[in-house]
Asks: 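Please find one structure pasted underneath; my questions will follow.
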Amino acid sequence: MTKLNKALSLIILVVLAVSCGKNNDANFTLKGHIKGLKKGVVYLQKDGDSTIIDLDSMVITGQPEFNLHTNLEEPILLYLKLFKNDGEEHYIPFFADKGITEINTTLKNFNFNSEIKGSKQHELLEQYLGIISQFNNKNLDIIEARFNAQKNNDSIAVDSLGRITDQLLKRKYAYTIQFAMNNKDSEIAPYLALYEARNANPVYIDSIYNNLTTEIKNSFYGKKLGKAITDREAGK
């Protein structure tokens, strides 16, 4: 065996050892299928302090299936990102926990055709988003109606639709707060308080936090919510 062959063999062994080591250490696997995808790169990502962090990636060259891995300490929101060099962002957020999550989607409607099977936290998130989508659809109808009223110089209709918009927003916050209160033993509760109800009355945000179980208060999102409340009270 030549020196070059020996060197190449050593590099291959090192790469295999690192790859196997990473997969052996991982306690989370994302399995997926993207119908219609022939070429691209998929990434498993999470939020960092000031940027998105890549946890794993895989080059797609003909096969539509992929497997991505990482190690999770606790349930957290992750992202499946698709890069296909078209200048657009393609990503699917999902709540992950230890074990296996499956995402099946299509290249044509990557963000919207996704079917996700995985953690109980994600099941709760989808339950929440299913109702919230109804609020969002109603809001879009109101925006269209208000636009038409403005075109027709119908100030009475514009004012009326504005009040309806305000009422709809209050109902949306009320549903979010109640959903979080009803799921005090899930990481979904502090997550919703942080990212879906952050502009609600602080009294309700405090109520969500105080209602959390001790375990959830000590979770990643529970600690972030606690810090957000402390910072608010300190005027930061």
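On a predicted model such as this, the values are computed, not experimentally measured, just so you know.
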Asks: Starting at OG of Ser119, measure out to NZ of Lys98 and round the result to the nearest 0.5 Å.
Replies: 13.0 Å
Asks: Nearest 0.5 Å please: distance from the OG atom of Ser219 over to the CD atom of Glu73.
Replies: 12.5 Å
Asks: If you count every heavy atom of other residues, nucleotides or ligands that lies below 6.0 Å from Lys184 atom NZ, does the total exceed 12?
Replies: no
Asks: Do the two ring centres, one from Phe66 and one from Tyr43, sit under 6.0 Å apart?
Replies: no
Asks: Is Phe135 atom CZ crowded by more than 12 heavy atoms from other residues, nucleotides or ligands, each under 6.0 Å away?
Replies: yes
Asks: Under a 3.5 Å threshold, yes or no: a donor from one side chain and an acceptor from the other, between Asn148 and Glu144?
Replies: no
Asks: How about Leu140: does its CG atom have over 12 heavy atoms from other parts shown lying under 6.0 Å from it?
Replies: yes
Asks: Apply salt bridge (Lys or Arg N to Asp or Glu O under 4.0 Å) to Asp159 and Arg163, showing your working.
Replies: CA-CA 6 Å; Asp159 291 342; Arg163 288 192 292 273; 5.4 Å; no
Asks: Is it the case that atom CD in Glu215 sees more than 12 heavy atoms from other parts of the structure closer than 6.0 Å?
Replies: no
Asks: Which pair of non-hydrogen atoms, one from Leu55 and one from Gln45, has the smallest distance, and what is that distance?
Replies: CD1-C, 4.2 Å
Asks: Do you know the tightest heavy-atom contact between Pro93 and Ile116?
Replies: O-CD1, 4.2 Å
Asks: What distance separates Lys81 NZ from Leu68 CG, expressed to the nearest 0.5 Å?
Replies: 13.5 Å
Asks: Using a 4.5 Å cut-off on heavy atoms from C-beta on, say whether the side chain of Lys138 contacts that of Leu168.
Replies: yes
Asks: Quick one, Ile208 and Leu192 - any side-chain contact, counting heavy atoms below 4.5 Å?
Replies: no
Asks: Is it the case that one hydrophobic cluster holds both Leu44 and Ile53, taking links as side-chain heavy atoms less than 4.5 Å apart, direct or via other members?
Replies: yes
Asks: Check whether Leu212 and Tyr195 end up in the same hydrophobic cluster, where Ile, Leu, Val, Met, Phe, Trp and Tyr are linked by side-chain heavy atoms less than 4.5 Å apart.
Replies: yes
Asks: Regarding Asn113 and Thr106, do their side chains bring together a donor and an acceptor under 3.5 Å, going by distance alone?
Replies: yes
Asks: Considering only heavy atoms from C-beta outward, does the side chain of Ile52 approach that of Asp47 to under 4.5 Å?
Replies: yes
Asks: Does Ile34 share a hydrophobic cluster with Ile92, counting links as ILVMFWY side-chain heavy atoms below 4.5 Å and allowing steps through other members?
Replies: yes
Asks: Indicate the atoms forming the closest heavy-atom contact of Ala189 with Asn183, along with that distance.
Replies: CB-O, 3.4 Å
Asks: Looking at Lys217, I'd like to know if its NZ atom is crowded, meaning that more than 12 non-hydrogen atoms belonging to other residues, nucleotides or ligands lie closer than 6.0 Å.
Replies: yes
Asks: Side chains of Asn111 and His90: closer than 4.5 Å at any heavy-atom pair?
Replies: yes
Asks: I need the Glu74 CD to Ile216 CD1 distance, nearest 0.5 Å.
Replies: 8.5 Å
Asks: Under the ring-ring contact (aromatic ring centres under 6.0 Å, His included) test against Tyr191, which residue among Phe179, Phe220, Tyr221 passes?
Replies: Tyr221
Asks: Taking C-beta and beyond as the side chain, do Leu80 and Tyr91 meet within less than 4.5 Å on heavy atoms?
Replies: no
Asks: Report yes or no: do Val41 and Leu82 belong to one cluster of Ile/Leu/Val/Met/Phe/Trp/Tyr joined by side chain heavy-atom distances under 4.5 Å?
Replies: no
Asks: Might you point out which heavy atoms bring Thr105 and Ser114 nearest each other, and give the distance in Å?
Replies: OG1-N, 3.5 Å
Asks: Please step through side-chain contact (heavy atoms from CB on, under 4.5 Å) for the pair Phe95 and Glu187, ending with a clear verdict.
Replies: CA-CA 9 Å; Phe95 230 97; Glu187 291 80 1; 4.2 Å; yes
Asks: Is it true that Arg232 and Asp206 have a side-chain N and a carboxylate O under 4.0 angstrom from each other?
Replies: yes
Asks: Fit a plane to each ring of Tyr128 and Tyr175, take the angle between them on a 0 to 90° scale, and name the class: parallel (under 30°), tilted (30 to 60°) or perpendicular (over 60°).
Replies: parallel
Asks: Between His33 and Asn104, what is the shortest heavy-atom contact and its length?
Replies: CB-OD1, 3.2 Å
Asks: I need the Lys223 NZ to Asn218 CG distance, nearest 0.5 Å.
Replies: 6.0 Å
Asks: Please report the interatomic distance CG(Leu129) to CD(Gln134), rounded to the nearest 0.5 Å.
Replies: 11.5 Å
Asks: Are Leu125 and Phe94 side-chain neighbours, meaning at least one heavy-atom pair lies under 4.5 Å?
Replies: no
Asks: Would you say Tyr173 and Asn201 are linked by a side-chain donor-acceptor pair, where the criterion is simply a distance under 3.5 Å?
Replies: no
Asks: Tell me whether the count of non-hydrogen atoms from other residues, nucleotides or ligands lying under 6.0 Å of CD in Glu233 goes above 12.
Replies: yes
Asks: Search all heavy atoms of His69 against all heavy atoms of Asn67 and return the closest pair with its distance.
Replies: NE2-CB, 4.0 Å
Asks: Where do Thr176 and Ile132 land on the side-chain contact (heavy atoms from CB on, under 4.5 Å) test, with the steps shown first?
Replies: CA-CA 8 Å; Thr176 300; Ile132 289 301; 4.0 Å; yes
Asks: Tell me whether Ile164 is reachable from Val158 by hopping between hydrophobic residues (I, L, V, M, F, W, Y) whose side-chain heavy atoms are closer than 4.5 Å.
Replies: no
